[in-house]
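The block underneath contains the structure these notes are about, expressed in structure tokens.
The basis for the numbers below is simple: all heavy atoms, side chains too, and nothing from hydrogens, waters or symmetry mates.
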Amino acid sequence: MKFTPKQNKKARLLGQALSRSLDIDTATANDAVAQMYGHSRWDTLCKAIQKSPASMWDEEVSSEVVQAREEIQIERLSQCLQLDHYATRMLVQHLRPTSKAKSQPYRVDRSRPGPSDLPASDFSAITEAFEVGANQQGSAVMAGLLQQALTGAGEDSVDGLDSGNLEDRMRIARPVDPGAFFDILQGLGWPLDESSFEQRYVYGEPSFFAESQIGHVPVYLTSLAMTPDDSDDRMANEVMDLIEEDNYKNMQTERFILMWGQPQVRVVDGHCYSYWGRLWQQGQWRDFLINGDMTSADRLFDMNPLGQSINRPNKAQSDPQHELAKGVVIFMQGLQQQRERVKMAAIKTASGWDMLVPSLQAAH
């Protein structure tokens with residue numbers, strides 16, 4: 001989704017409100033506004049306002065479109081400014097980026113923990129509710145546990161909490177740390193171009209390049225975790241569309257890689273498999289599995305051939321005991337020094353691809 005306001009004034013006032021809300025400089029706020037609107041940076045947005053047709057305001061479209069816009073804006077702003085998801089939702093609802101209404105500042109204390117920053121021992125209680133199953137009782141338990149967790153983080157209530165979309169909320173991972181992805185792939189033996197590494201994450205742009213036999217391969221990152229083979233995933237499709245556009249305009253490479261915020265796992269015919277992202281090649285996307293034998297971008301593409309269904313893997317793609325996936329989750333959560341105490345829970349999904357969430361067992 002790209003949004004282009006009818007005039008620069010709305011974007012400029014939105015940037016001022018965002019700057020006051022987060023106590024950040026105007027240039028950073030303006031770039032974040034541009035990315036919320038689906039443009040790469042502020043000057044690109046300004047050019048679009050001058051040359052492109054204006055988008056319709058929220059007041060001119062259906063409530064379904066307004067809701068879809070809000071979810072996309074939350075995802076984009078959370079990623080580009082590394083904000084927790086709940087605080088970002090409150091912020092976007094006050095800023096109203098695509099409405100005629102005035103953007104109201106909403107003070108966010110970035111040092112205060114949000115729901116996604118809760119200690120693993122608290123967060124594990126929520127994951128246990130997912131294992132109850134996708135039924136009414138399970139949803140009620142999840143809603144209650146999420147309310148308790150938010151209250152523990154200093155929030156009085158969860159306005160408009162819809163327990164039916166808790167799975168969607170839970171698949172938004174922590175803010176993106178490009179260094180963690182870089183270190184994990186380098187640890188697997190991947191040849192990476194260290195000079196291309198960008199410590200500051202920019203939504204919709206590559207964070208670094210992998211070396212390969214046909215030239216450098218851009219590696220794009222996102223905090224989102226997508227269920228494999230789900231063509232109706234609006235949020236994931238938005239990420240992929242933006243990345244395709246960036247590659248077409250700026251990179252023009254034969255292939256590139258998108259890595260989700262965390263792996264998902266499944267057992268097929270008695271073998272464990274770990275899914276972590278999508279590959280783009282020959283003008284089309286495909287899901288990829290990963291294991292310790294995929295020691296380069298070339299190996300990743302070769303061992304995940306075109307035309308293969310993610311739900312019909314072969315044994316060479318297996319990740320025994322999900323060890324790589326578990327190691328990735330532990331590393332991304334910064335629990336390497338406490339690995340012996342980590343207990344891995346699973347968020348069950350209807351697709352059969354589960355999300356791993358670690359919790360710490362009490363020390364003896």
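- Of all heavy-atom pairs spanning His322 and Ser274, the tightest one is ND1-OG, 3.6 Å.
- Annotation: the span from Asn311 atom CG to Tyr275 atom OH amounts to 10.5 Å, rounded to 0.5 Å.
- Of the inter-residue distances, the one linking Leu356 atom CG with Met344 atom CE reads 5.5 Å to the nearest 0.5 angstrom.
- A donor-acceptor pair under 3.5 Å is formed between the side chain of Gln82 and the backbone N or O of Val176.
- For the atom pair CD of Gln104 and CZ of Arg20, the computed distance is 9.0 Å after rounding to the nearest 0.5 Å.
- Figure legend: cation-pi geometry between Arg69 and Phe3 absent, as NZ or CZ is not positioned both under 6.0 Å from the six-membered ring centre and within 45° of its axis.
- Ile24 has its side chain within reach of Leu81: a pair of non-hydrogen atoms, C-beta onward, lies under 4.5 Å apart.
- For Gln213, there are no side-chain hydrogen bond (donor to acceptor under 3.5 Å, both in side chains) partners at least two apart in sequence or on another chain.
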Discussion item. Between Leu18 and Leu77, is the side chain to side chain contact (heavy atoms under 4.5 Å, CB included) condition met? List the steps.
Written reply: CA-CA 10 Å; Leu18 181 59; Leu77 189 61; 4.1 Å; yes
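- Enclosure of atom NZ in Lys102 is not indicated, since only 12 or fewer non-hydrogen atoms of other residues, nucleotides or ligands lie within 6.0 angstrom.
- Heavy atoms from other residues, nucleotides or ligands lying under 6.0 Å from NZ of Lys47 number 12 at most.
- Linking ILVMFWY side-chain heavy atoms closer than 4.5 Å, directly or via other members, places Met56 and Val65 in a single hydrophobic cluster.
- Checking side-chain atoms of Glu59 against main-chain N and O of Lys100 turns up a donor-acceptor pair under 3.5 Å.
- Ile184 and Ile290 fall within the same hydrophobic cluster, where Ile, Leu, Val, Met, Phe, Trp and Tyr residues are linked whenever their side-chain heavy atoms come under 4.5 Å apart, directly or through other members.
- With hydrophobic clusters built from ILVMFWY side chains whose heavy atoms lie under 4.5 angstrom apart, Leu289 shares a cluster with Val268.
- The distance from atom CG of Leu306 to atom CD of Gln282, rounded to the nearest 0.5 Å, is 5.0 Å.
- Under a cut-off of 6.0 angstrom, the local environment of CD in Gln321 is sparse, with at most 12 non-hydrogen atoms contributed by other residues, nucleotides or ligands.
- Applying the ring pair (Phe, Tyr, Trp, His ring centres under 6.0 Å) rule to Phe197 yields the partners Phe182; only residues at least two apart in sequence or on another chain are considered.
- Not one N or O on the side chain of Ser99 forms a donor-acceptor pair closer than 3.5 Å with the backbone of Arg96.
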Item to complete: For side chain to side chain donor-acceptor pair (under 3.5 Å), just list the numbers for Tyr220 and Asp246, CA-CA rounded to whole Å, side-chain angles, deciding distance to a tenth of an Å, and then say yes or no.
Response: CA-CA 10 Å; Tyr220 293 86; Asp246 176 78; 2.7 Å; yes
Item to complete: Given side chain to side chain donor-acceptor pair (under 3.5 Å), test Glu70 with Gln93 step by step and report yes or no.
Response: CA-CA 8 Å; Glu70 181 178 295; Gln93 289 175 352; 3.2 Å; yes
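- Within 6.0 Å of atom CD in Glu245, more than 12 heavy atoms from other residues, nucleotides or ligands are found, so the atom counts as buried in its surroundings.
- Between the side chains of Gln16 and Thr26, no donor-acceptor pair of N or O atoms lies under 3.5 Å.
- Using a 4.5 Å heavy-atom cutoff, the side chains of Leu91 and Leu22 are in contact.
- Summarising the geometry of Asp354 relative to Ala346, their closest heavy-atom pair is CB-CB, 4.2 Å, with the distance given to 0.1 Å.
- For the pair Phe256 and Val217, the tightest heavy-atom approach, listed with the atom from each and the gap, is CA-CG1, 3.7 Å.
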Discussion item. If you apply the rule side chain to side chain donor-acceptor pair (under 3.5 Å), what do you find for Arg339 with Gln336, and how did you get there?
Written reply: CA-CA 5 Å; Arg339 190 181 184 111; Gln336 303 94 303; over 6 Å; no
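- Asp25 CG: more than 12 foreign heavy atoms inside a 6.0 Å radius.
- Between the side chains of Glu194 and Gln186, at least one donor N or O sits under 3.5 Å from an acceptor N or O.
- Between His216 and Ser196 the shortest side-chain heavy-atom distance does not fall below 4.5 Å.
- When the side chains of ILVMFWY residues are joined at heavy-atom separations under 4.5 Å, either directly or via intervening members, Met251 and Trp280 end up in a single hydrophobic cluster.
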Worksheet item: Under the side chain to side chain contact (heavy atoms under 4.5 Å, CB included) criterion, do Leu300 and Phe288 qualify, and how do the steps go?
Response: CA-CA 8 Å; Leu300 184 70; Phe288 73 77; 3.6 Å; yes
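- In the model, Thr98 has a side-chain atom that pairs as donor or acceptor with a side-chain atom of Gln73 under 3.5 Å.
- In this structure, Ser52 OG and His39 NE2 are separated by 7.0 Å, a value rounded to the nearest 0.5 Å.
- Residues Pro97 and Val33 are not in side-chain contact: their nearest non-hydrogen atoms beyond the backbone lie 4.5 Å or more apart.
- Judged purely by atom type and a 3.5 angstrom limit, Gln338 has no side-chain atom pairing as donor or acceptor with the backbone of Leu335.
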Item to complete: Show your working on side chain to side chain contact (heavy atoms under 4.5 Å, CB included) between Leu258 and Trp285 and close with a plain yes or no.
Response: CA-CA 10 Å; Leu258 169 60; Trp285 288 99; 3.9 Å; yes
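- The two atoms that bring Leu224 and Met235 nearest to each other are CD2-C, 3.7 Å, heavy atoms only.
- Across all non-hydrogen atoms, the minimal contact from Ala101 to Lys10 is O-NZ, 2.8 Å.
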Fill in: side chain to side chain contact (heavy atoms under 4.5 Å, CB included) assessment of Asp293 paired with Arg299
CA-CA 8 Å; Asp293 292 332; Arg299 291 278 289 170; 4.0 Å; yes
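- Between Leu185 and Met259 there is a side-chain heavy-atom pair separated by less than 4.5 Å.
- Using a 4.5 Å cut-off between side-chain heavy atoms of Ile, Leu, Val, Met, Phe, Trp and Tyr, with links allowed through other members, Tyr106 and Ile74 fall into the same hydrophobic cluster.
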Worksheet item: Should Gln308 and Gln317 be marked as a side chain to side chain donor-acceptor pair (under 3.5 Å) after you check the CA-CA gap, both sets of side-chain angles, and the distance that decides it?
Response: CA-CA 12 Å; Gln308 182 190 31; Gln317 297 169 308; 2.8 Å; yes
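- The closest side-chain heavy-atom distance from Val329 to Val357 is not below 4.5 Å.
- When all heavy atoms are compared, the tightest approach of Val265 to Ala325 is CG1-CB, 3.7 Å.
- Between Phe331 and Val328, every side-chain heavy-atom pair lies at or beyond the 4.5 Å cut-off.
- From Arg255, atom CZ reaches atom CG of Asn247 across 12.5 Å, with rounding to the nearest 0.5 Å.
- A donor atom on one side chain and an acceptor atom on the other are not found under 3.5 Å apart for Thr28 and Asp31.
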Check residues 201-209 and write down every donor-acceptor pair under 3.5 Å in which the side-chain atom is one partner and the other belongs to a residue at least two apart or another chain.
from   : atom 1 : to     : atom 2 : distance (Å)
Tyr201 : OH     : Gln79  : OE1    : 2.6
Tyr201 : OH     : Leu221 : O      : 2.7
Glu205 : OE2    : Arg41  : NH2    : 3.0

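- Contact of the Asp298 side chain with the Trp190 side chain is not registered, since no non-hydrogen atoms from C-beta on lie closer than 4.5 Å.
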